[in-house]
Amino acid sequence: MNSSFFHIYAILLKEYGPQGWWPIGTVYRKRLSLTNDEKFEIIVGAILTQNTAWTNVEKALHELRRNNCLTIKALLETKQETLAQYIKSSGYNNQKAERLKIVAQFLFQYSLEELQNMDMKELRALLLSVKGIGPETADSIMLYAFMKPIFVIDAYTKRIMSRIGLCSKDSSYDELQAAITHNMEKDTENYNEYHALLVEHAKRYCRTKPLCEECVLKEVCMKRM
DNA sequence: GCCCAGGAGCCCG
DNA sequence: CGGGCTCATGGG
């Protein structure tokens with residue numbers, strides 16, 4: 001039975017099609033990198049979406065833009081309490097307002113160009129040193145903003161992979177990431193798509209209460225009933 | 001009303 | 001090093 005990570009990817013891609021995530025689905029064909037504005041917005045989005053549905057994040061991003069707060073300068077100059085009001089819809093708004101201020105300072109210190117040109121290990125370590133940026137947020141920023149070939153692990157990824165039997169329930173973030181990465185070609189566009197497909201699959205079928213009967217992965221899943 | 005969202009920091013053994 | 005707690009709003 002071929003239940004490698006790439007095989008799972010192929011099944012999901014065939015079933016759901018390209019997800020066109022974050023953002024600008026065709027960027028890979030049109031351009032080599034994003035604009036600074038796009039990168040910055042992705043970084044803000046990565047903070048706001050921590051443990052939060054994206055629909056709630058969109059409202060918060062919209063409010064930030066409406067109040068001209070979607071720039072590094074504006075985040076630095078606007079009071080934290082004010083930002084907290086703007087991003088209220090994304091939840092944890094006080095925490096996230098503080099994190100936006102910290103990230104803005106970080107982006108003031110290190111320019112987007114400087115970060116873009118770092119090698120992956122250096123960039124990841126630097127991002128992780130920022131309070132409020134953990135492993136998933138760091139990897140999301142690297143993958144979606146800086147287009148580095150790094151695989152983002154999230155709760156969905158771990159749920160699906162552990163149910164299938166490709167990792168154990170208590171495997172760490174880095175372990176699962178290494179396992180997937182070592183079994184797939186390092187390719188930014190594929191990593192981007194794969195992560196989006198896992199999210200889609202988890203929402204539709206591999207939920208907390210899984211819908212195993214109709215799941216397209218049931219043939220390769222250990223947890224099939 | 002309950003459950004869950006594209007987590008991370010902190011504290012504690 | 002790993003488990004438990006906290007942070008908070010909106011949609012199903």
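Reminder, nothing fancy here: chain letters follow the sequence lines and each chain counts from 1.
Rounded to whole Å, atom C1' of B/dA8 lies 15 Å from atom CG of A/Leu127. Distance NZ (A/Lys158) to C1' (B/dG6): 15 Å, rounded to an integer number of Å. Here C/dT6 presents its C1' atom at 14 Å from CD of A/Glu98, a figure rounded to the nearest Å. Distance CZ (A/Arg99) to C1' (B/dG9): 7 Å, rounded to an integer number of Å. When rounded to the nearest whole Å, the span between CG of A/Asn93 and P of C/dG10 equals 9 Å. For A/Trp54 and B/dA5, the CH2 to C1' distance is 13 Å, given to the nearest whole Å. Here the P atom of nucleotide C/dT6 and the CG atom of A/Asn51 are 15 Å apart, to the nearest Å. Distance A/Tyr86 OH to C/dA8 P: 19 Å, rounded to the nearest Å.
Here A/Asn94 lies in heavy-atom contact (under 4.0 Å) with sugar-phosphate atoms only. Contacts of A/Lys96 with the nucleic acid, taken as non-hydrogen atoms under 4.0 Å apart, are absent. Note on A/Glu136: only backbone sugar-phosphate atoms sit closer than 4.0 angstrom, heavy atoms only; bases stay farther off. At the heavy-atom level, A/Tyr156 lies under 4.0 Å from the strands shown only through sugar-phosphate atoms. Here A/Ile133 lies in heavy-atom contact (under 4.0 Å) with sugar-phosphate atoms only.
Distances from the side chain of A/Ser89 to the nucleotides C/dG10, C/dA8, B/dG6 place C/dG10 closest. Comparing C/dG10, B/dA5, C/dA8 by their nearest atom to the side chain of A/Tyr92 picks out C/dA8. With B/dG6, B/dC10, C/dG10 as the choices, the nucleotide that has an atom nearest any side-chain atom of A/Lys131 turns out to be B/dC10. Among the nucleotides B/dC4, B/dA8, C/dT9, the one closest to any side-chain atom of A/Asn56 is C/dT9. Closest approach to the A/Gln50 side chain among C/dA8, B/dA5, B/dG7 is made by B/dG7 (side chain taken as heavy atoms from C-beta onward).
For the C1' atom pair drawn from C/dT9 and B/dG1, the interatomic distance equals 16 Å after rounding to whole Å. Nucleotides B/dC4 and C/dC7 place their C1' atoms 15 Å apart, quoted to the nearest Å. A gap of 16 Å separates the C1' atoms of B/dC2 and C/dA8, to the nearest Å. Comparing the P positions of C/dG10 and B/dA8 gives an interatomic distance of 22 Å, to the nearest angstrom. Of the P atoms belonging to C/dC5 and B/dC3, the separation is 16 Å, rounded to the nearest Å.
At B/dA5, one or more side-chain N or O atoms of A/Arg159 fall inside 4.0 Å of OP1 or OP2 (strictly under the cut-off). Close to C/dG12, at under 4.0 Å from its OP1 or OP2, lies no side-chain N or O of A/Thr55. Distances shorter than 4.0 Å separate some side-chain N or O of A/Thr137 from OP1 or OP2 on B/dA8. Checking the phosphate oxygens (OP1, OP2) of C/dG11, a side-chain nitrogen or oxygen of A/Lys59 falls inside 4.0 Å.
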Report task. Walk me through it: do A/Asp139 and A/Gln177 pass the test side chain to side chain donor-acceptor pair (under 3.5 Å)? Result -> CA-CA 10 Å; A/Asp139 290 342; A/Gln177 184 180 55; 2.8 Å; yes
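Summarising the geometry of A/Ile150 relative to A/Leu143, their closest heavy-atom pair is O-CD1, 3.6 Å, with the distance given to 0.1 Å. Scanning all heavy atoms of the two residues, the minimum distance from A/Glu63 to A/Tyr86 falls at CB-O, 3.2 Å. Considering every non-hydrogen atom in both A/His201 and A/Leu217, the closest pair reads NE2-CD1, 3.6 Å.
Looking at which nucleotide of DNA chain B each of A/Lys209 and A/Leu128 is closest to, the 5′-most match is held by A/Lys209.
A/Leu61 and A/Tyr92 sit in two unconnected hydrophobic clusters of ILVMFWY residues. Membership requires side-chain heavy atoms under 4.5 Å apart, directly or through other members.
Donor-acceptor pairing under 3.5 Å is recorded for the side chains of A/Thr52 and A/Lys96.
In this structure, C/dG10 forms a base pair with B/dC4, meeting either the Watson-Crick or the G-U wobble geometry with both donor-acceptor distances under 3.5 Å.
More than 12 heavy atoms of other residues, nucleotides or ligands shown are found within 6.0 angstrom of OH on A/Tyr9.
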